[in-house]
Amino acid sequence: MTIERVRNPHPIYFAGAFATGGLLTFMVHLNGELARYGNPLFSSWTAHGTGIIAAIILLLLIHRRGTPTLGKAAGAPLWAYFGGISGAATVILTSTAVNSPLGLSGTLALGLAGQVAFSVAADSWGLFGLQKRRPDPRDVAALGLVITGAALIILFGRGAA
């Protein structure tokens with residue numbers, strides 16, 4: 001029996017993940033503001049339209065540099081193309097929730113709890129081509145702490161208005 005040694009990731013990955021969390025918070029806030037002045041569907045269309053424009057500009061900049069081709073790339077599985085649908089649904093749902101009594105922090109706390117719960121399930125069932133991995137007590141404890149933290153933010157995180 002071989003013991004697999006887990007390698008410690010470079011600190012830049014932690015910094016990148018932390019920065020992504022900050023950008024996600026900013027994005028949810030801006031999408032919520034768009035939904036407040038329009039509606040959640042308008043918010044989603046605006047966010048994705050802006051993303052398309054940014055992607056086209058980025059592709060044009062990269063194309064001018066002359067990126068090397070690595071040959072024929074393998075085709076992605078069909079389910080991978082449905083990320084846009086979940087992204088649009090995420091923008092619509094968070095834009096609605098952030099303008100509810102949950103507010104920004106409650107919306108993000110519940111979103112994080114949902115992400116962790118789904119990730120544990122995806123690992124457990126081997127969804128999307130992931131290697132099946134049985135949740136260990138640390139995974140269950142982490143999920144419990146995230147859900148408890150979300151409950152604390154939502155139930156007790158309100159200051160006196």
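In this chain, numbering begins with 1 at the start of the sequence shown.
- Residue Leu130 belongs to no hydrophobic cluster, having no ILVMFWY side-chain heavy atom closer than 4.5 Å to its own.
- With a 4.5 Å cut-off on side-chain heavy atoms, Leu112 and Leu108 do not count as touching.
- If you chain together ILVMFWY residues whose side-chain heavy atoms come under 4.5 Å of each other, Leu34 ends up grouped with Phe42.
- Partner of Pro40 under the side chain to side chain contact (heavy atoms under 4.5 Å, CB included) criterion, chosen from Thr96, Thr94, Asn99: Thr96.
- Legend: residues meeting side chain to side chain contact (heavy atoms under 4.5 Å, CB included) with Ile56, ordered by chain and number and at least two apart, are Ile52, Leu60.
- Sorted by first and then second residue, the salt bridge (Lys or Arg N to Asp or Glu O under 4.0 Å) pairs with a member in residues 89-100 form an empty list; sequence neighbours excluded.
- Residue pairs meeting the side-chain hydrogen bond (donor to acceptor under 3.5 Å, both in side chains) criterion with at least one partner in residues 24-39, sequence neighbours excluded, are Glu33-Arg36.
- Minimum interatomic distance between Gly106 and Ile154 (heavy atoms only, all atoms of both residues): CA-CG1, 3.8 Å.
- Residues forming a side-chain hydrogen bond (donor to acceptor under 3.5 Å, both in side chains) with Arg134 (at least two apart in sequence, or on another chain): none.
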Result block: side-chain N/O donor-acceptor pairs under 3.5 angstrom for residues 114-128, not counting sequence neighbours:
from   : atom 1 : to     : atom 2 : distance (Å)
Ser119 : OG     : Gln115 : O      : 2.7

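- Residues Val98 and Gly32 share a closest heavy-atom pair of CG1-CA, 3.4 Å.
- Around the CD1 atom of Ile12, the shell of radius 6.0 Å holds no more than 12 heavy atoms that belong to other residues, nucleotides or ligands.
- Partners of Ser43 by side-chain hydrogen bond (donor to acceptor under 3.5 Å, both in side chains), not counting sequence neighbours, listed by chain and number: Ser95.
- What you find for Ile147 and Ala113 is that their closest heavy atoms are CG1-CB, 4.1 Å.
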For residues 76-90, which side-chain donor-acceptor pairs fall under 3.5 Å, sequence neighbours excluded?
from  : atom 1 : to    : atom 2 : distance (Å)
Ser86 : OG     : Gly83 : O      : 2.9
Thr90 : OG1    : Ser86 : O      : 2.7

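- For Thr107, the side-chain hydrogen bond (donor to acceptor under 3.5 Å, both in side chains) criterion is met by no residue, not counting sequence neighbours.
- The side-chain hydrogen bond (donor to acceptor under 3.5 Å, both in side chains) search around Asp139 returns Arg133, not counting sequence neighbours.
- Residues Ile92 and Ser44 approach most closely at CG1-CB, 3.6 Å, considering heavy atoms.
- When the side chain to side chain contact (heavy atoms under 4.5 Å, CB included) test is applied to Trp45, the partners found at least two apart in sequence or on another chain are Leu41.
- Heavy-atom minimum distance, Ala97 versus Ser100: O-OG, 2.5 Å.
- Note on Leu152 and Leu155: same hydrophobic cluster, where clusters join Ile, Leu, Val, Met, Phe, Trp and Tyr whose side-chain heavy atoms are under 4.5 Å apart, directly or indirectly.
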